Amino acid sequence: MLQLPADEVLVAGRWRRGAGARTETVDPATGRVLTAVHAASVEDVDEAAEGAAAASADPAWRELPAHLRARLLHRIAELIEHEAEALSALQTADTGKSRTETRALVHSAAGTFRYTAAALETAEDAVTPSRGAYVTVSLHEPIGVVGAITPWNSPIASDAQKLAPALAAGNAVLLKPAEWTPLVALALGRLVTRALAEAGLPAGLLSVLPGRGSVIGDAIVRHPRVGKVTFTGGTTTGRTIAHAAAEKVMPVSLELGGKSPTVVFEDADLEQALAGVMFGIFSSSGQSCVAGSRLFVARGRYEEFVDELTARTRKLRVGPGTDPGTQVAPLVHHRHRDAVAGYVDLAREEGARVRCGGGAPEGEEYEKGAYYLPTVLDGLPNSARVCQEEIFGPVLVALPFDDEDDLVAQANDSVYGLACGLWTRDHRTAWRVARRIEAGTVWINTYKQFSIATPFGGTKDSGLGREKGREGIRAYQRQKSLYWGVGDAPLPWATATATATATATASAASIDG
Ligand code: NAP
């Protein structure tokens with residue numbers, strides 16, 4: 001039995017009906033309205049930000065030793081694991097994703113809290129070399145209030161990727177989930193509220209504020225109490241947020257879109273490459289920032305590879321996320337499905353060959369859902385819009401390449417730089433090309449594998465900053481340097497009897513210190 005969260009939002013630790021508009025959330029597999037949530041209002045954001053500022057300054061939190069903050073994160077992980085099946089079912093209903101995927105996302109969220117707890121307990125600050133008269137200590141302090149804005153494509157995992165390090169760093173968080181998929185963030189909010197209450201910590205450390213991005217997201221970004229925004233979503237939105245942050249001279253982390261190339265070299269293991277390319281684009285129904293949406297195949301193997309890929313793609317099972325046999329689940333929303341279909345229509349107008357897919361599946365069982373067939377296109381140059389713009393659906397565009405230089409030029413001819421996949425048996429080819437590709441992540445003979453210990457982020461229009469890894473917590477802290485005077489003598493410049501020699505010494509010290 002699916003447990004739906006109550007129609008309440010979390011404002012500075014208090015659950016209540018949001019003062020914003022009532023928004024229905026829809027199961028994309030059936031088109032059925034799941035429930036309705038009253039969004040937060042701008043006034044709710046203001047109250048949440050004030051509550052967060054007070055909670056982050058509360059000595060009960062601010063002075064809490066790292067190992068006790070780590071204990072809180074472990075407890076949150078435990079609660080997520082305990083509720084894993086319910087959270088997975090909720091996320092499948094809200095996003096349409098398969099249960100296999102939502103189970104993995106839920107366990108990844110728990111793992112993120114556990115890894116961050118371990119990183120926190122083993123983090124160190126530096127004592128820098130002294131110059132005799134002073135000792136310097138470099139500290140990392142919390143920013144205070146962090147705004148975390150997340151998209152609809154992997155809700156609980158992206159929420160955890162921001163919430164865990166921001167709390168570990170000693171902040172309070174205002175979390176804004178996407179308007180289409182608010183349910184799992186609200187459910188996560190219940191678990192965090194419970195863990196905070198058990199530990200006797202300020203409830204205002206977390207607010208969960210669903211609502212329209214241009215209203216609630218914008219109010220969070222511009223709020224004077226918010227000292228940092230961490231954002232995952234589209235590049236256009238990221239740019240808007242970066243502009244607003246520049247006005248406040250506020251740090252931002254931006255995890256943005258992609259149009260990632262996946263490359264099959266002449267010598268690739270074709271079985272592995274076929275499986276990897278298909279997983280890279282069609283898992284999550286292509287709704288993944290790192291989807292390998294541009295396929296480059298060495299010209300000598302192009303027809304053979306694309307023919308086989310097309311044949312296998314036709315056999316993929318499209319169905320609801322609740323069916324264990326489903327390989328391609330519905331898209332998140334009917335409006336998004338229509339946008340994906342619009343891109344394929346555009347490709348047809350531009351002269352593409354539709355090798356397979358290219359429309360919604362037929363049959364009564366698909367009529368009401370936001371389904372789209374996995375699609376392979378080719379016959380277009382890399383400059384075509386479907387090769388340059390992020391479609392965020394199960395649509396792959398295939399292109400041939402002649403040699404390494406041609407491949408690198410085409411692969412890098414994109415505003416994006418998020419990820420890349422290389423399929424080759426030659427480790428020297430992999431090394432050379434991986435170094436020349438403009439991307440934050442390059443997978444070699446594998447694709448779309450993630451380790452919480454490995455930093456992740458984009459270059460070019462794909463983003464700014466890195467998440468995950470041991471340094472992930474640092475993104476939510478400010479560095480402060482302390483100079484600790486340990487000399488017996490007064491500073492030379494201030495003494496009335498200072499000589500020219502002493503003055504020279506003082507200037508040198510202030511330059512090289
Ligand atoms: P989006 O439209 O940019 O929305 C992302 C979040 O930002 C949502 O919560 C949205 O609210 C909010 N938002 C919208 N306008 C805003 C504004 N003016 N100020 C503040 N917040 C605002 O992206 P999406 O369509 O949900 O997600 C898909 C995109 O995310 C793709 O481009 C994908 O590549 C990217 N993504 C990147 C990564 C990565 O790690 N690099 C990971 C996952 C996804 P609403 O709910 O009202 O729209």
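Counting starts at 1 for both ligands and their atoms, following the listed order. Values in this document were obtained by computation on a predicted structure and should not be read as measured data.
Looking at V290 against ligand 1, nothing comes within 4.0 Å, counting heavy atoms. Contacts between I149 and ligand 1, counted as non-hydrogen atom pairs separated by less than 4.0 Å, involve the side chain only. Heavy atoms of E467 found under 4.0 angstrom from ligand 1: none, in either backbone or side chain. Using a 4.0 Å cut-off between heavy atoms, T235 makes no contact with ligand 1 at all.
When the heavy-atom distances from atom 7 (O) of ligand 1 to W180, W152, F231 are ranked, the shortest goes to F231.
F392 and W152 have perpendicular rings, their planes meeting at more than 60° on a 0 to 90° scale where under 30° would count as parallel.
The closest approach between any non-hydrogen atom of P177 and ligand 1 is below 4.0 Å.
Note that R436 lies outside the cation-pi zone of W431, set by a 6.0 Å cut-off to the ring centre and a 45° limit from the axis. For the pair K259 and Y416, the cation-pi test (distance below 6.0 Å, angle within 45°) is failed.
Listed by number with element, the atoms of ligand 1 under 4.0 Å from a non-hydrogen atom of D218 are 19 (N), 20 (C). Each of the following atoms of ligand 1 lies closer than 4.0 Å to a heavy atom of G217: 19 (N), 20 (C), 21 (N).
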| message | Apply salt bridge (Lys or Arg N to Asp or Glu O under 4.0 Å) to residues R99 and E101 and explain how you reach the verdict. | response | CA-CA 5 Å; R99 287 297 301 276; E101 185 179 353; over 6 Å; no
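Checked by atom type, the side-chain pair K448/S283 shows a donor-acceptor distance below 3.5 Å.
Backbone and side-chain nitrogen or oxygen atoms of E179 are examined, and one is located within less than 3.5 angstrom of a nitrogen or oxygen of ligand 1.
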